[in-house]
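Structure first, commentary second.
Computation of the quantities below employed the complete heavy-atom set of this structure, encompassing side-chain atoms and omitting hydrogens, waters and symmetry-equivalent molecules. Each residue takes its place number in the sequence, starting with 1. Atoms within each ligand, like the ligands themselves, are counted from 1 in listed order.
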Amino acid sequence: MTGEGTADAAIEQWSRIPHEVLEQMEPDGDFCRRHLLNPVLLQMLGEVSGRRIVDAGCGHGYFARMLTGSGALVTGVEPAQGLLTYALEKESQLRQGITYIQADLTRAVDLGPVHDAVVCNMVLCAIEDWRAAMRTCVGLLRPGGRFIFSVNHPAFEQLWTTWREHGEYRVWRYLDEYEIPGSYAWDFHRSLSDYLNELTALGCRIHRLAEPRLDPAVAEQAAATAPGIEAYTHLPNFLVVAADL
Ligand SMILES: C[S@@+](CC[C@H](N)C(=O)[O-])C[C@H]1O[C@@H](n2cnc3c(N)ncnc32)[C@H](O)[C@@H]1O
């Protein structure tokens with residue numbers, strides 16, 4: 001699968017997530033975002049009040065709303081019409097002052113290299129031409145600005161499903177590039193060194209990596225409705241990277 005047409009097809013898939021599913025993720029995202037990603041992203045961002053932050057590939061905008069609630073000046077960038085419409089509806093209800101623009105990160109996004117931070121939460125793994133998207137994100141930073149991205153951990157991408165099937169994690173083609181079907185769209189596998197080497201080639205210095213672990217007490221509470229969730233207490237399903245320009 002390659003090319004611009006397939007990128008548009010992927011964006012179209014994201015656009016089809018039903019409104020009621022998005023509502024269920026209010027106010028702070030789904031289970032994994034709430035328990036694994038948000039705490040790390042917020043810690044890596046530090047104090048956000050008064051800072052100009054881009055939520056790149058913001059989806060339905062939950063993280064943009066969280067950041068704005070803490071005083072950040074947020075621009076959400078999202079190409080999928082369905083998700084953007086939801087985010088704009090929330091903005092017209094809440095009037096937080098978030099700016100949204102509809103744009104594809106694999107193309108130039110004309111917001112200027114002026115931002116204190118760019119957050120790209122579970123987006124690069126959804127984009128086939130992720131190098132172009134990463135370049136766009138870094139290009140939005142002021143000198144010294146921070147780029148933070150999360151992806152499915154390249155070594156444990158299909159953690160929950162594999163664990164449920166085998167009671168352990170199995171990986172058999174880490175060095176290949178391949179697609180992983182998801183509930184609404186597909187993700188793309190590439191290696192850890194691909195992500196990190198591209199980042200340094202763009203002039204960024206790695207500040208911190210995180211491989212968040214689920215709190216065993218939270219896993220125990222969720223076990224009845226989410227069998228196999230204990231996998232997240234043993235292996236990291238996500239990789240979060242903070243780097244400075
Ligand atoms: C897993 S969702 C994450 C959304 C949001 N960041 C969150 O954490 O809820 C992946 C997002 O990537 C977006 N996306 C896919 N292709 C994109 C592209 N070429 N440029 C920008 N965003 C893209 C999708 O529309 C979707 O919003």
Mind checking whether Ala7 has a heavy atom under 4.0 Å from ligand 1? no

Within-cut-off N or O pair, Ala103 and ligand 1, under 3.5 Å: no

Per-atom contacts of ligand 1 with Met122, taking only distances under 4.0 Å to non-hydrogen atoms: 1 (C), 2 (S), 3 (C), 10 (C)

Among Tyr100, Tyr184, Tyr86, find the residue that satisfies the ring pair (Phe, Tyr, Trp, His ring centres under 6.0 Å) test when tested with His60. Tyr86

Touching ligand 1 at all, Gly29? Heavy atoms, strictly under 4.0 Å? no

So, do Tyr178 and His189 have ring centers that fall under 6.0 Å from each other? yes

Does the residue Tyr62 have a heavy-atom contact with ligand 1, meaning some pair of atoms that are separated by less than 4.0 Å? yes

What I want to know is whether Glu78 and ligand 1 share at least one N or O pair that is separated by under 3.5 angstrom. yes

Would Arg33 count as a contact residue for ligand 1, given that I'm defining contact as a non-hydrogen atom of the residue lying under 4.0 Å from a ligand atom? yes

Is it true that a side-chain atom of His115 and a backbone atom of Leu140 form a donor plus acceptor pair closer than 3.5 Å? yes

Taking Lys90 first and then Glu23, would you say they form a salt bridge - that is, a charged N and a carboxylate O separated by under 4.0 Å? yes

So, is the end of the Arg33 side chain (NZ or CZ) under 6.0 Å from the ring centre of Phe63 and within 45° of the ring's axis? no

Should you measure from each heavy atom of Ala80, which atoms of ligand 1 turn up under 4.0 Å away? 25 (O)

Hey, are the side chains of Val109 and Ile101 touching, using non-hydrogen atoms and a 4.5 Å cut-off? yes

Please compare Gly61, Gly57, Cys120 and report which has the shortest non-hydrogen distance to atom 4 (C) of ligand 1. Gly57

Can a salt bridge be assigned to the pair Arg170 and Glu168 using a cut-off of 4.0 Å between side-chain N and carboxylate O? yes

Polar proximity ligand 1 side, Trp14 side, N/O cut 3.5 Å exclusive: no

In the structure I gave you, are the side-chain heavy atoms of Val123 and Phe149 within less than 4.5 Å of one another anywhere? no

Return the option from Asn121, Asn38, Ile127, Thr136 holding the heavy atom at the smallest distance from atom 3 (C) of ligand 1. Asn121

